[in-house]
Amino acid sequence: MADKKQVEAITSMEEDFAQWYTDVVKKAELIDYSSVKGCIVLRPYAYALWERIQHYMDTRFKETGHENVYMPLLIPESLLQKEKDHVNGFAPEVAWVTHGGTEQLAERLCVRPTSETLFCEHYAHVVQSWRDLPKLYNQWCSVLRWEKTTRPFLRHREFLWQEGHTAHAEAQEAVDEALMILDIYAELAEDVLAMPVIKGRKTESEKFAGAQDTYSIECMMHDGKALQAGTTHYFGDGFAKAFDITYTAKDNSLRHVFQSSWGVSTRIIGGIIMTHGDDSGLVLPPRIAPTQVVIVPVASHKPGVLEKAAEVEKNLKAAGIRVRLDSSDQSPGWKFAEYEMKGVPLRLELGPRDIEAGRCVLAKRTGGKEEASLEGLELRVPEALSEIQRAMYDKARKNLDSQISVALTLEEMVTIAQKRGGFIKTMWCGGAECEERVKDLTGGMKSRNIPFEQERLGETCAVCGKPADTMLYWGFQY
RNA sequence: CCGGGUGUGGCGCAGCUGGUAGCGCGCGUGCUUUGGGAGCAUGAGGCCGCAGGUUCAAAUCCUGUCACUCGGACCA
């Protein structure tokens, strides 16, 4: 029976969430493992998702004046060493190239874990005058970090991302840049991926190595764990001083630039899976789905069926819909299950009975079947897709809201952390010791961010009881 | 990095008191099927993760190693 095979194919979320995730990632043909730990093959379906994410972001970046560049893969050790906090943050997880052919290199080269240092070196070369600013660069590339524990999408050693790096004359411009990009990231997550986010600033102890301020968008997964889906950083002039990036201002004084950097990686695909997926597999938001509509012909050997299906495909394609006709000789039931597994938002069933009646069956991946007239289908389908998109966001939003708890005391925090996880919001005094203490007592819960949307939950820090005027989100994270 | 589990055709597994590999699914071909993972027939495919060792003989026993996976620690 269909149900039985489904259950065998994918572990239920309730039974074992981690196993469910691994099953979905494999069965939906997103990835394959390679022979190097943490270096993962992105199969066509996963890469198509990434391309759509890329396309959205790249368009937004270019609209806002950014240019794409490409920096080298290798960083000499001496260059990496220039900014102290930065090197301390990354040193434990960089991989080194020590030989060229059979010869040992005079200086070893690190495979970029991120490219701040390369951008800084380059900016020092090309920035001379206030007329050269701002520099608004982005690059699409992969980076390498020698992680101990790896999981598909969520934690790779090599992963794809974009990293933006900008240099500005004024501090405020660099801050504005970091905040504007954070908005773009939030719009990607909410409008395109149907993943509601919490925007905010990272605490001192959680910010990026070398940054003055780090901002993040935080998402909530089905299992109550948070996922940081994107971050942006304001660097002040710290890197500029370490790398000697100076320009001559209008008044002929020599000044350091102010910088920002920001990135989103393929990790966000893991977020899509864990935000929307269910026990039948992936569920993809229509705006990002590589295939939005799959046409499943029924009794396709009967005359006229495939022809009609091809005609419907052509019409929908002409209407700008990403549609695919599966005319393979698999049984309809097989196809139903297959495309559910792959999260295709809308299935269009078309058989002899339908054709005779001038209609088809539309089945939403999110639930619900309807009969639709073939006449005007190119209007009904986009409508159905936006209904799905909206429903997915609403559902995710509801999940996020239901996972937020308020705690006024440390005892409450610990209880909630152990009982249900999710986000906990509390007042916080600003002390790193309080973060440490929460982490110890809860077995790893950390601050997520200080949300831009602040509320006054009380007058004192939930952890230490000292006066507090900041509200902070906490949570377990991926 | 610490602890548990697992590595045998593409996938899932059996075989582990040693004797040279088997099942289900999938795959190829043919016919019949087609509204929730179709049926019959026939065929192809594996030096058992890798490296040592014990033995007349190793998928099986021993040692090492690598990978995957779960949990923990760590983590822009």
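Just so it is clear, the model here is predicted, and its values are computed rather than measured. Convention: sequence-line order gives letters A, B, ...; per-chain numbering from 1. The basis for the numbers below is simple: all heavy atoms, side chains too, and nothing from hydrogens, waters or symmetry mates.
Distance noted for atom P between B:U6 and B:G53: 27 Å (whole Å). Comparing the C1' positions of B:C23 and B:G9 gives a spacing of 12 Å, expressed to the nearest Å. Nucleotides B:G49 and B:C16 are separated by 16 Å at their P atoms, to the nearest Å. For B:A44 and B:G39, the P atoms lie 22 Å apart once the distance is rounded to whole Å. Here the separation of B:U8 from B:C47, taken at their C1' atoms, is 12 Å to the nearest Å. Using C1' as the reference atom, B:U54 and B:C62 are 7 Å apart when rounded to the nearest Å. Taking the C1' atoms as reference points, B:G12 lies 15 Å from B:C68, given to the whole Å. For the P atoms, the distance from B:U20 to B:G26 is 31 Å, rounded to whole Å.
Between the side chains of A:D16 and A:T11, no donor-acceptor pair is found at a separation under 3.5 Å. For the residue pair A:Y339 / A:D326, a side-chain donor-acceptor distance below 3.5 Å is found, with atom types taken as modelled. A donor-acceptor contact closer than 3.5 angstrom links the side chains of A:S115 and A:E163. Side-chain polar atoms of A:N138 and A:Q162 form a donor-acceptor pair below 3.5 angstrom. A donor atom on one side chain and an acceptor atom on the other are not found under 3.5 Å apart for A:S261 and A:H165. Side-chain polar atoms of A:E14 and A:S12 form no donor-acceptor pair below 3.5 angstrom. Checked by atom type, the side-chain pair A:E116/A:T114 shows a donor-acceptor distance below 3.5 Å. Between A:S205 and A:E435, the side chains place a donor N or O and an acceptor N or O closer than 3.5 Å (distance only, hydrogens not considered).
The nearest pair of heavy atoms linking A:P152 to A:Y21 is O-OH, 2.7 Å. Among all heavy-atom pairs drawn from A:I198 and A:N449, the shortest one is O-ND2, 3.3 Å. Pairing each heavy atom of A:Q259 with each of A:A240, the nearest pair is OE1-N, 3.3 Å. Considering every non-hydrogen atom in both A:H86 and A:A209, the closest pair reads ND1-O, 3.3 Å.
For the pair A:K225 and A:Y478, the cation-pi test (distance below 6.0 Å, angle within 45°) is passed. Judged by the 6.0 Å and 45° rule, A:R267 forms no cation-pi pair with A:F159. Taking the ring axis of A:Y123 as reference, the NZ or CZ atom of A:K135 does not stay both within 45° of it and closer than 6.0 Å to the ring centre.
When the nucleotides B:C75, B:G71, B:U69 are ranked by their closest atom to the side chain of A:T22, B:U69 comes out on top. In this structure, the nucleotide among B:G36, B:C68, B:U34 sitting nearest to the side chain of A:Y33 is B:C68. Listed candidates were B:G36, B:G37, B:U69. Nearest to the side chain of A:K369 is B:G36. Of all nucleotides listed (B:G35, B:C75, B:G36), B:G35 comes nearest to the side chain of A:E349. Of the candidate nucleotides B:U69, B:G35, B:G37, B:G35 has the atom nearest to the side chain of A:V298. With distances taken from any side-chain atom of A:A18 to the nucleotides B:G35, B:G71, B:U34, the minimum falls on B:G71.
For RNA chain B, the neighbouring residues in residues 78-93 of chain A, judged by any heavy atom under 4.0 Å, are A:F90, A:E93. Residues from residues 37-50 of chain A with heavy atoms under 4.0 angstrom of RNA chain B, sorted by number: A:K37, A:G38.
If you check every strand for non-hydrogen atoms under 4.0 Å, A:Q477 touches a base. Using a 4.0 Å heavy-atom criterion, one finds that A:D354 contacts the bases of the nucleic acid, with or without backbone contacts as well. At the heavy-atom level, A:E163 lies nowhere under 4.0 Å from the strands shown. Using a 4.0 Å heavy-atom distance criterion, A:R347 is classed as a base contact. Residue-level contact check: A:V296 touches neither bases nor backbone, having no heavy atom under 4.0 Å from any strand.
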Could you run down nucleotides 27-33 of chain B 5' to 3' and tag each one B, S or - for protein heavy-atom contact under 4.0 Å?
S------

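For the pair A:L362 CG and B:G35 P, the computed distance is 19 Å after rounding to whole Å. Distance A:M341 CE to B:G36 P: 17 Å, rounded to the nearest Å. Residue A:F336 contributes atom CZ, which lies 8 Å from atom P of B:G35 at whole-angstrom precision. Between the CD atom of A:E370 and the P atom of B:G35 there is a distance of 22 Å, rounded to whole Å. Straight-line distance from the CD atom of A:Q19 to the C1' atom of B:C68: 11 Å, rounded to whole Å. One interatomic measurement links the two molecules: NZ of A:K342 to P of B:G37, which rounds to 19 Å at whole-angstrom precision. Atom OH in A:Y21 sits roughly 13 Å away from atom P in B:G71 (whole-Å rounding).
The backbone N or O of A:I217 sits nowhere less than 3.5 Å from a side-chain atom of A:Y185 that would complete a donor-acceptor pair.
One finds no salt bridge joining A:K27 and A:D23 here, because no Lys/Arg side-chain nitrogen approaches an Asp/Glu carboxylate oxygen to under 4.0 Å. A salt bridge is absent between A:K308 and A:E356: the closest approach of a Lys/Arg side-chain nitrogen to an acidic carboxylate oxygen does not fall below 4.0 angstrom. By the 4.0 Å N-to-carboxylate-O rule, A:R365 lies close enough to A:D278 to be salt-bridged with it.
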Restricting to nitrogen or oxygen on both sides, can you table the protein-nucleotides 4-6 of chain B pairs closer than 3.5 Å?
none

Distances under 3.5 Å between protein N/O atoms and the N/O atoms of nucleotides 72-74 of chain B, please, pair by pair.
residue, atom, partner, partner atom, Å
B:G72, O6, A:T149, OG1, 3.2
B:A73, N6, A:T149, OG1, 3.0

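Residue A:S331 places none of its side-chain N or O atoms closer than 4.0 Å to OP1 or OP2 of B:U34. In this structure, A:R151 does not reach the B:C68 phosphate: none of its side-chain N or O atoms is under 4.0 Å from OP1 or OP2.
The aromatic ring centroids of A:H66 and A:W262 lie less than 6.0 Å from each other. For A:Y234 and A:Y215, the ring centers are positioned 6.0 Å apart or more. Taking the six-membered ring for Trp, A:W50 and A:F153 have ring centres at least 6.0 Å apart.
Between A:K26 and A:R157, the residue anchored closer to the 5' end of RNA chain B is A:K26, taking for each the nucleotide with the nearest heavy atom. When each of A:P332 and A:W161 is assigned the nucleotide of RNA chain B bearing its nearest heavy atom, the one mapping closer to the 5' terminus is A:P332.
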Pairing pattern in dot-bracket form [Watson-Crick, G-U; both distances under 3.5 Å; | = partner strand] for RNA chain B
((((((((.[[[[.)...(..]]]].((((((.....)))))).....[[[[[..)....]]]]])))))))....

